[in-house]
Amino acid sequence: GQQLNQSPQSMFIQEGEDVSMNCTSSSIFNTWLWYKQDPGEGPVLLIALYKAGELTSNGRLTAQFGITRKDSFLNISASIPSDVGIYFCAGPESGGSNYKLTFGKGTLLTVNP
Amino acid sequence: NAGVTQTPKFQVLKTGQSMTLQCAQDMNHNSMYWYRQDPGMGLRLIYYSASEGTTDKGEVPNGYNVSRLNKREFSLRLESAAPSQTSVYFCASSYGLGRAGYTFGSGTRLTVV
């Protein structure tokens, strides 16, 4: 199946810093989804991207759908302690079932107050 | 609005025992999914049900069975638990195709000893 590669695997930052993480694939994706998982909880959808080049914001979060359709980026501005968690990228398999989502392995974000 | 409800939240099994993980959603979603989450492995799809009356294998189906009991409920059964099935299990649902994003439950933490 398709694989999504997320980097970095983990980040340790100071409160107030900006954060950038990305997700790449060897295959073309038509949709990119970004999720956040708080400790002990299930993932929650943050941003959905449906068009190459699309730039979408949700508060302090901004995500972009790469022009090549093989990558996506998530930026968090002015981080706060509650940003702590695991951030996942995900997308539906192309050429396969349109119901199934493939997830990256996640970026673990730690924010030092 | 409860969303996706999973029971139990925690479970310890002995090797060889069986159990069923329950999942119910109240959002009138058509599709439901079971994922497992292991450290460093991200989220891996076990089984999914695109609509009531249908089920299909995901990436890691061995050792599991599922039942789509009705539109609301999708259960995951371990017939003979093994230590390799120690994991956190997440149920999710979506109204239609995966590109719309899933809503996840809060997970079941299973330990097989």
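Chain identifiers are assigned alphabetically (A, B, ...) following the order of the sequence lines, protein sequences preceding nucleic acid strands; residue numbering begins at 1 within each chain.
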Query raised in the report: Non-hydrogen atoms of chain A under 4.5 Å away: do they reach the side chain of B:Gln37, the backbone, both or neither?
Result: side chain

Report task. Given side-chain contact (heavy atoms from CB on, under 4.5 Å), test B:Phe90 with A:Gln37 step by step and report yes or no. Result -> CA-CA 12 Å; B:Phe90 287 100; A:Gln37 183 180 26; 3.3 Å; yes

Report task. Examine A:Tyr87 and A:Phe73 and state if one hydrophobic cluster contains both, with Ile, Leu, Val, Met, Phe, Trp and Tyr joined whenever side-chain heavy atoms are less than 4.5 Å apart. Result -> no

Query raised in the report: How about A:Tyr50: does its OH atom have over 12 heavy atoms from other parts shown lying under 6.0 Å from it?
Result: yes

**Report entry** Heavy-atom contacts under 4.5 Å, residues 103-113 of chain A to chain B
**Finding:** A:Phe103, A:Gly104, A:Lys105

**Report entry** Backbone of B:Tyr102 reached by a side-chain donor or acceptor of A:Tyr35 within 3.5 Å
**Finding:** yes

Query - Same apolar cluster (I L V M F W Y, side chains within < 4.5 Å links), B:Ile46/A:Leu101 - result: no

Query raised in the report: Who wins among A:Gly40, A:Pro43, A:Gly91 for the most heavy-atom pairs under 4.5 Å with chain B?
Result: A:Pro43

Query raised in the report: When clusters are formed by joining ILVMFWY residues with side-chain heavy atoms under 4.5 Å apart, either directly or through shared neighbours, do A:Leu33 and A:Phe88 land in the same one?
Result: yes

Query - Neighbour count above 12 (heavy atom, 6.0 Å) for B:Arg44 CZ - result: yes

Requested in this report: Counting only heavy atoms closer than 4.5 Å, note whether B:Tyr35 contacts chain A via side chain, backbone, both or neither.
Outcome: side chain

**Report entry** Nearest non-hydrogen partners of A:Asn30 and B:Arg99, listed with the distance
**Finding:** O-NH2, 4.0 Å

Query raised in the report: If you count heavy-atom pairs under 4.5 Å with chain A, which of B:Thr103, B:Val4, B:Leu43 comes out on top?
Result: B:Leu43

Requested in this report: Kindly check if the number of other-residue, nucleotide or ligand heavy atoms within 6.0 Å of CD (A:Gln9) is above 12?
Outcome: no

Query - Cluster overlap A:Val84 with A:Trp34, hydrophobic side-chain contacts below 4.5 Å - result: yes

**Report entry** Listed partners of B:Tyr89 passing ring pair (Phe, Tyr, Trp, His ring centres under 6.0 Å), at least two apart
**Finding:** B:Tyr64

Query - Cluster overlap B:Phe74 with B:Val88, hydrophobic side-chain contacts below 4.5 Å - result: no

Report summary line: Interatomic distance, CD@B:Glu59 vs OG1@A:Thr102, rounded to 0.5 Å, equals 7.5 Å

**Report entry** Residue part contacting chain A, namely of B:Ser94, when any heavy atom lies under 4.5 Å
**Finding:** neither

**Report entry** Spatial distance of atom NZ (A:Lys100) from atom OH (B:Tyr33) [nearest 0.5 Å]
**Finding:** 10.5 Å

